[in-house]
Amino acid sequence: MELYNGERPSVFRLLEKYMRKGLYSILTQGPIPTHIAFILDGNRRFAKKHKLPEGGGHKAGFLALLNVLTYCYELGVKYATIYAFSIDNFRRKPHEVQYVMDLMLEKIEGMIMEESIINAYDICVRFVGNLKLLSEPVKTAADKIMRATANNSKCVLLIAVCYTSTDEIVHAVEESSELNSNEVCNNQELEEANATGSSTVIQTENMESYSGIKLVDLEKNTYINPYPDVLIRTSGETRLSNYLLWQTTNCILYSPYALWPEIGLRHVVWSVINFQRHYSYLEKHKEYLK
Amino acid sequence: MDLKPGAGGQRVNRFVDPFAQISYHFLQFLWRTLHLLVSLWYLQVSMVQMIEGFLISSGLVKRYGALDIDKVRYLAIVVDSEEAYQISKVIQLLKWVEDMGVKHLCLYDSKGVLKTNKKTIMESLNNAMPFEEAVEKDVLLDQKQMTVEFASSSDGKEAITRAANVLFMKYLKYAKTGVGKEEPCFTEDQMDEALKAIGYKGPEPDLLLIYGPVRCHLGFSPWRLRYTEMVHMGPLRYMNLGSLKKAIHRFTTVQQNYGT
């Protein structure tokens, strides 16, 4: 299989790939996370550290992202979620916001091309978040890649843009409210229809079955499902920054000190090893909360 | 830690070629050896942390002598529910926190073991008041006593669900009186208000300390964790004052940019 960038692999790369395969064959003797989430923290600090021009950190970060996704999908992780852009990030300097949007547009268009990692791993790409806040060109490109990869089924890449957890929870409440209000309207119509009929049995049954928004309604209407097993935030930061707060009840939080562009295979492997160490404990906790 | 082989492990069938059987057992051996080495690594790390904790507690490490405790406006402690039965350990931990000058504390475990033992815990503290009482008497800003809030998993997603129903009822009321049916449109501030209306007035903690086997918040209210720093302190049975001081000291040096 050719590498995601379409270049013919060198001997060194082939050797590296087979060593990785050997490592995966050991790791897969234990449970592998179904879903790993990432907070891509440290691109600007990386650029400052290496005296790169503006945007250099984000470019290096994108290459790191492709490597990490490759490792995840090779290992058998089916879902990967990345926190690409927060609603809070709109408060950054306008030219910085514009740079990130332009980079996103460039990379989305690149992903649609042949020889990309998307095709190599049969990845379904989904953009999640408050997409109405995206600029028109980026929204159009995002819709295009989602349609183009809708039938891909081996792996899923969720890209959280214009996303915060609190916005997601409010969105879930809105969706659940709309669905439940339809149910209430149907009950009322039934009530009105029954008022002219002879039977009240149907009316009573339907009114009793309505009990408001349930927890399962909110869970169905969050942007991101299934819930992640591991969340990796680089740069040693120990907070979630309004990301996946709802979904991380039983998720291992891992904060390596490496800046995002410095993330490598060893971080992914370490997170999987820790997942395996605590798998039974977290499964028991999930069962308790059901 | 309880290692379980996963679905990735090959099935052993005595009728399969012997080479496959040998390679399966060899890979299983390598996997278990890998985990043994990782466990030894963590054992070594725990021993170093215990020694460091002892040195900090005895005042030999000057760096942790003076803590700027005012930066920790609201501290939360998450305890694994099985470990939360060690009430004497929990009380000792709270006494340390109280002595350090923390003014507002939230104690959480998912099964509500700490809530069940609320009376015992509060009676053991010198100068603490339940959070609900402080809110009722409007003395939250009073720095004389430490307020203690008790929470469990029912105060997390389930509370948000109840608040969602408050918003939903308001929407239904509005929809009945409105000219046409508009789609529901809520804001985060409205969600805040709804939570307060049903009694959930606890603020977002600045720092969350996790006592348990895993660095995982175990269902602490998602609405209250946006920018909370989360530190894993290890199992409760190995807690020590030095590690607590170190975690708080580290928090006081963190700078957040809140996404900007």
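We name chains A, B, ... by the order of the sequence lines, and we start the count at 1 in each one.
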Sort [X] into side chain, backbone, both or neither according to what part of it lies under 4.5 angstrom from a heavy atom of chain B.
X       : value
Y254(A) : backbone
L218(A) : side chain
L244(A) : neither
E175(A) : neither
L27(A)  : both

Taking every non-hydrogen pair under 4.5 Å, which of S255(A), A172(A), S165(A) racks up the most with chain B?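 The residue among S255(A), A172(A), S165(A) with the greatest pair count is S255(A).
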Do you know which of V170(A), V173(A), T166(A), L240(A) has the most heavy-atom pairs under 4.5 Å to chain B?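 The residue among V170(A), V173(A), T166(A), L240(A) with the greatest pair count is T166(A).
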Using only heavy-atom distances, determine whether the side chains of S39(B) and R277(A) contain a donor-acceptor pair under 3.5 Å.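 Note: S39(B) and R277(A) side chains meet the donor-acceptor criterion.
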Verify, without hydrogens or angle tests, whether E174(A) (side chain) and F186(B) (backbone) share a donor-acceptor contact under 3.5 angstrom.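 Yes; at least one donor-acceptor contact below 3.5 Å.
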Give a yes or no on whether the backbone of I213(A) and the side-chain of N165(B) come within a donor-acceptor separation of less than 3.5 Å.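 Indeed, once roles are kept as given, a pair shorter than 3.5 Å links the two residues.
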Nearest atoms (heavy-atom pairs only) where C216(B) meets T248(A):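 C216(B) and T248(A) have their closest heavy atoms at SG-O, 4.1 Å.
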In terms of heavy-atom proximity below 4.5 Å to chain A, should S221(B) be classed as side chain, backbone, both, or neither?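 The answer is neither part of S221(B).
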With a 4.5 angstrom heavy-atom cut-off, is it the side chain or the backbone of L34(B) that approaches chain A, or both, or neither?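 Answer is side chain: those atoms of L34(B) sit under 4.5 Å from chain A.
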Any heavy-atom pair between the side chains of N274(A) and R215(B) that's under 4.5 Å?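 Counting from C-beta outward, R215(B) and N274(A) never come under 4.5 Å.
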Test ring-ring contact (aromatic ring centres under 6.0 Å, His included) applied to H285(A) - qualifying residues, sequence neighbours left out: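 Expected list: none.
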What is the distance from atom CZ of R32(B) to atom CD1 of I26(A), rounded to the nearest 0.5 Å?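 Output value for this atom pair is 14.0 Å.
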